[in-house]
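Structure record follows, encoded as C-alpha cells.
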There are 2 protein chains.
Amino acid sequence: MQLLLVEDNQTLGQAVEIGLSQRQFMVTWVRTGAAAISNFNRQEYDVAILDLGLPDIDGERVLQSIRKKGVDIPILVLTARDQTSDVIHLLDAGADDFMTKPFDVNELAARLRALLRRRSGYASAKIECGPVAIDTSSREAFVNGREITLSRKEYELLQLFVMQPMKVHPRDKIEALLSSDTHVVESNALEVHVHNLRKKLGQRELIETIRGVGYRLRCKD
Amino acid sequence: MQLLLVEDNQTLGQAVEIGLSQRQFMVTWVRTGAAAISNFNRQEYDVAILDLGLPDIDGERVLQSIRKKGVDIPILVLTARDQTSDVIHLLDAGADDFMTKPFDVNELAARLRALLRRRSGYASAKIECGPVAIDTSSREAFVNGREITLSRKEYELLQLFVMQPMKVHPRDKIEALLSSDTHVVESNALEVHVHNLRKKLGQRELIETIRGVGYRLRCKD
DNA sequence: GGTTTTCTTAAATATTTCTTAAGATAAATT
DNA sequence: AATTTATCTTAAGAAATATTTAAGAAAACC
C-alpha cells in the first residue's frame with residue numbers, strides 16, 4: 001500500500017513513518033507543500049496524510065490544488081488541537097478524514113484502512129457513533145438506522161459532534177462554526193440549535209452539557 | 001462472461017477484480033488507456049468497465065476511439081465524485097452506464113448484468129426508480145408505466161436523478177449540467193425546471209428539496 | 001419567415017430556518 | 001436557603017431560501 005506523508009515536523013514524521021511501515025504501508029515522506037504537490041501529480045499513491053501546519057504553503061491550499069487536478073485518493077488531514085472548527089471546511093475542500101495531534105498510531109492506521117476500504121467500494125461514507133450516524137456525501141443523518149431530517153446548521157452541528165465523539169467542544173468554537181463570517185451571534189442561538197437537535201435525535205442525553213465549557217456527544221453507554 | 005477492466009488504481013482495481021470474479025465474471029485487468037485500446041481491438045469481451053481518470057490518455061478519448069472502431073459491447077464508466085456533470089456527455093460519447101466512486105461492488109455487478117441483459121435483447125434500456133422510469137436510448141420517461149412528455153432539460157434533470165436515486169445532487173452541480181458551456185445561469189432557472197418536472201411527474205414529493213444544498217429523487221417509501 | 005415550444009428572467013408568494021428575547025429550570029456559590 | 005449564574009425551553013419576528021406564476025427571449029420546428 002503506497003502512502004504519501006506530508007509532514008514538516010521531524011519527530012512526528014519519523015514516528016508516523018516507522019509506525020506505518022511496521023503496519024504494511026510503503027511510506028513516502030515529504031516535508032513541504034511544494035514537494036507534496038509535485039508528488040501528488042505522479043499519481044502513484046493509494047492514500048495520503050497531510051499536515052495542515054506546513055511552513056511554506058497553507059495546507060488547505062495544497063488540498064484544493066491537488067483535488068482540482070483530479071487526484072482522488074483518500075486524504076487524511078492532521079490538525080492541531082485548536083483548529084477543529086476548520087474541520088468542516090476541510091471536509092468540504094476535499095479531505096476524507098482528519099485527526100488532531102497528538103494521536104495514536106494504531107488509530108491512524110485503522111482510519112487509513114477504513115478510508116481504503118471505503119474507497120474500494122465495499123463501504124459507504126457513513127460515519128457512526130453509537131446510535132447516531134451521518135453520511136457526509138449525501139448529508140443524511142440517522143438514529144438507530146432511521147433517517148432524520150436536519151436543517152443545515154443542525155447537520156453541521158451533528159457532523160462536528162460525530163467527527164469527534166466524546167470530545168468536549170467549547171461553546172466559542174461551535175459558535176464560530178455556526179456563524180457566518182459576516183454575522184456574529186450575540187444571543188443564545190447555539191443553545192437553541194442544540195435543543196432542536198436533541199429533540200430530533202430523540203435521546204436528550206446523547207448530547208451532554210459540560211457546564212461553563214460546551215457540549216459533547218456520548219457514544220458509548 | 002468476459003469482462004475488460006480498465007483501471008490504473010491498484011487498490012480499486014484489485015477490489016473490483018476480486019469482487020467480480022466471485023460473481024462469475026472473467027476479469028481481464030489493464031492499467032492504461034493504450035492497453036485498453038489494444039485489448040478492445042481483440043473484440044473478445046462481453047462487457048467493459050472504464051475508469052475516466054487514466055494517467056496516459058483521457059478516458060473520454062478512449063471511449064470515442066473504441067466506439068469509432070465499431071466496438072459495440074456495453075461499457076460502464078467510472079467517474080470521480082465531482083465529475084457527475086459530465087455524465088450526460090459521456091453517455092452521448094458512447095458510454096452505456098456510469099457509476100461514481102466510491103461505489104458498492106454489489107451494485108456494480110447488478111448494473112453489469114443489466115447491461116448484458118439489455119444487450120442480449122431481453123430487456124430495453126429502461127432504468128427504473130420507484131414509480132419513475134426512463135429509457136435512455138429513446139429518451140422516454142414514464143410514471144407508473146404511463147409515458148410523460150418532457151422537454152430536453154426536464155429529461156436531463158430526471159435522468160440525473162434516476163441514475164443516482166437517493167443521492168443528494170447539489171444545486172451547483174445540477175446547474176452545471178443544465179447550462180451550456182457558454183451560458184451561465186444567474187437566475188432561478190433550476191427551480192423552474194424542477195417545478196415543471198414535478199408537475200409532470202404528478203407526485204411532488206418524489207423530488208425532495210434539501211434546503212441549502214440541492215435536490216434528490218426518492219424511490220423507496 | 002412564421003409558428004410553436006422551450007428556456008430564462010423576474011417578481012410575488014410561500015415556506016423553512018435562524019435569531020432573538022424572555023421566562024423557566026437547573027446547577028453552583030454564598 | 002437564598003442568590004447568582006448558566007443553560008433550557010418556548011414562541012414570535014426576521015432572514016434566508018424555495019415555489020409559483022407569468023411574460024418576454026431564444027431556440028426549434030415546419
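So you know, we letter chains A, B, ... as the sequences are listed, proteins then strands, and number each from 1.
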Are the charged groups of [X] and [Y] less than 4.0 angstrom apart, N to O?
X	Y	value
B/E205	B/R218	no
B/K200	B/E147	no
A/E191	A/R198	no

Euclidean distance, atom [atom1] of residue [X] to atom [atom2] of [N] [Å, nearest integer]:
X	N	atom1	atom2	answer
B/I207	D/dT19	CD1	C1'	13 Å
A/R198	C/dT25	CZ	P	17 Å
A/I210	D/dT7	CD1	P	11 Å
B/E156	C/dT6	CD	C1'	13 Å
A/H195	D/dA11	NE2	P	10 Å
B/N196	C/dT6	CG	C1'	10 Å
B/R204	C/dA14	CZ	C1'	11 Å
A/E205	C/dA26	CD	P	15 Å

For A/S151 and for B/K200, locate the closest nucleotide of DNA chain C by heavy-atom distance; then report the residue assigned to the nucleotide nearer the 5' terminus.
B/K200

Using OP1 and OP2 only, check whether a side-chain N or O of [X] sits under 4.0 Å from [N].
X	N	answer
A/Y215	D/dC8	yes
B/H193	C/dT8	yes
B/T209	D/dT17	no

Is there a donor and acceptor pair, one atom on the side chain of A/N188 and one on the base of D/dT9, closer than 3.5 Å?
yes

Is there a side-chain contact between A/D51 and A/T79, using heavy atoms and a 4.5 Å cut-off?
no

With nearest nucleotide decided by heavy atoms, which residue, B/R152 or A/R211, maps closer to the 5′ end of DNA chain D?
A/R211

With nearest nucleotides of DNA chain D determined for A/K199 and A/V213 from heavy-atom distances, which residue corresponds to the more 5′ nucleotide?
A/V213

Would the number of heavy atoms belonging to other residues, nucleotides or ligands and lying under 6.0 Å from CD of B/E128 be above 12?
no

So which nucleotide from [options] ends up closest to the side chain of [X]?
X	options	result
B/V192	D/dT7, C/dA10, D/dT19	C/dA10
A/R171	D/dT7, D/dT20, D/dT9	D/dT7
A/K153	C/dT20, D/dT7, C/dC18	C/dC18

